A.B. asks: 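Handing you this structure, nothing more for now.
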Amino acid sequence: MPSLNATLPSSFSLGRRLATVLGSAVLALLALDIAAAPSGPLSCDGTLGTGGCAPYAQVIAFGADVPAPNSIFEYDLPVLDYAPSVNNGTVRGVVDLSQALLRTYAQHGDDGNDSNNAGVSVNAVGVDVFTLRKLGAPSPDLFTVSVVLTADGTGGIDNPGYSVASYLSLRPDSSNGASIGFSGGRLDDVRVLQAGNQVPVFQQFNVAMMTFANLTMRLDTPFQLSYSLRTDVSERSFLDFLHTARISFVLPDGVSVTSMGGYDSAAVAAVPEPSTWLLMVAGLVAVTRIARRRSVR
């Protein structure tokens with residue numbers, strides 16, 4: 001998988017015309033990709049958690065009413081909750097590596113200046129090293145698993161000419177030269193919502209996002225996952241993803257996943273009722289296993 005780089009804008013501004021609003025927001029999201037993702041192999045010369053070495057959590061807030069781009073890292077604790085002071089608005093980002101959980105919230109009020117449309121953004125990033133485990137003796141067989149990242153949120157816009165945007169990203173990578181098979185997925189989900197066009201004005205609306213990757217790997221072989229959730233809002237709008245942005249795994253029987261950041265699939269509560277995307281991904285995993293068995297025969 002290619003490595004990801006990030007460019008942090010010093011301000012966030014959306015035009016009043018619909019085409020300008022949608023175009024600039026999409027370009028800004030695609031240019032960012034994922035903030036502060038490692039740019040090299042997993043093997044690091046420094047201590048884990050320094051110099052871009054996993055595991056780490058990061059929250060970045062920026063925008064017209066943020067004094068300067070702010071970034072904060074946490075290496076010792078698995079949970080990072082960061083809410084910097086912002087003029088005319090509120091931003092918050094939460095990363096919990098032990099739960100593979102991301103949360104973001106961004107809201108901006110009316111600054112009283114009709115000549116511009118200011119806004120704020122927040123990006124929550126988790127980078128961790130995961131390993132497949134199985135009870136009993138290790139097996140040399142390859143296992144196909146699915147990693148699914150979902151985010152369900154709400155939003156609101158109080159001006160028909162304004163918009164909000166959200167970006168969900170998942171990046172799997174091999175570690176120290178170990179091979180990892182990628183058999184498909186949807187690694188990015190971008191939503192640009194325009195009031196008066198896609199969503200109602202002065203009313204709360206729902207936003208559902210999903211990314212996933214089907215991976216094939218061996219037991220006890222670490223692999224790296226980078227995942228992020230970003231929200232961009234203009235004036236008189238908000239996006240609230242403080243609830244369900246979480247990674248889930250579709251695993252073979254008897255296989256679990258642990259991470260250096262403290263994640264343990266056996267300890268994380270299972271989804272009560274499998275939703276459509278989970279059933280779809282599980283079906284893809286089953287088809288991949290059947291095809292591999294036939295190929296071996």
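Everything numeric in this text was worked out from a predicted model, so none of it was measured.
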A.B. asks: Are M260 and Y56 packed together at the side-chain level, in the sense that at least one heavy-atom pair is separated by less than 4.5 angstrom?
C.D. replies: no
A.B. asks: Linking I/L/V/M/F/W/Y whenever any side-chain heavy atoms sit under 4.5 Å apart, do V86 and Y162 land together?
C.D. replies: yes
A.B. asks: From the options V257, L101, V147, V148, select the one residue that forms a side-chain contact (heavy atoms from CB on, under 4.5 Å) with I247.
C.D. replies: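 That would be V147.
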A.B. asks: Share the residues that join V201 in a hydrophobic cluster, the rule being Ile, Leu, Val, Met, Phe, Trp or Tyr side chains under 4.5 Å apart at the heavy-atom level.
C.D. replies: F202
A.B. asks: Taking atom types as modelled, is there a side-chain donor on S265 or S256 under 3.5 Å from an acceptor on the other?
C.D. replies: no
A.B. asks: Do D189 and T211 meet the criterion of a side-chain donor-acceptor pair at a distance under 3.5 Å?
C.D. replies: no
A.B. asks: Is it the case that S259 and D128 place a side-chain donor and acceptor less than 3.5 Å from each other?
C.D. replies: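 Yes, D128 and S259 have a side-chain donor paired with an acceptor closer than 3.5 Å.
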A.B. asks: Less than 4.5 Å apart, any side-chain heavy atom of L170 and any of L168?
C.D. replies: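 No - every pair of side-chain heavy atoms lies 4.5 Å or more apart.
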A.B. asks: Are any non-hydrogen side-chain atoms of V91 and Y105 less than 4.5 angstrom apart?
C.D. replies: no
A.B. asks: Should the pair R171-D173 be classified as a salt bridge under the 4.0 Å nitrogen-to-oxygen rule?
C.D. replies: no
A.B. asks: Keeping to residues at least two apart or across chains, list the salt bridge (charged side-chain N to carboxylate O under 4.0 Å, His left out) pairs with something in residues 197-217.
C.D. replies: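 Salt bridge (charged side-chain N to carboxylate O under 4.0 Å, His left out) check on residues 197-217 returns no pairs.
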A.B. asks: Can you confirm whether K134 sits close enough to F143 that some side-chain heavy atom of one is under 4.5 Å from a side-chain heavy atom of the other?
C.D. replies: yes
A.B. asks: So, for Y263 and F130, is the gap between ring centers shorter than 6.0 Å?
C.D. replies: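 For Y263 and F130, the ring centres are under 6.0 Å apart.
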A.B. asks: Are side-chain heavy atoms of Q58 and Y82 found at a separation under 4.5 Å?
C.D. replies: no
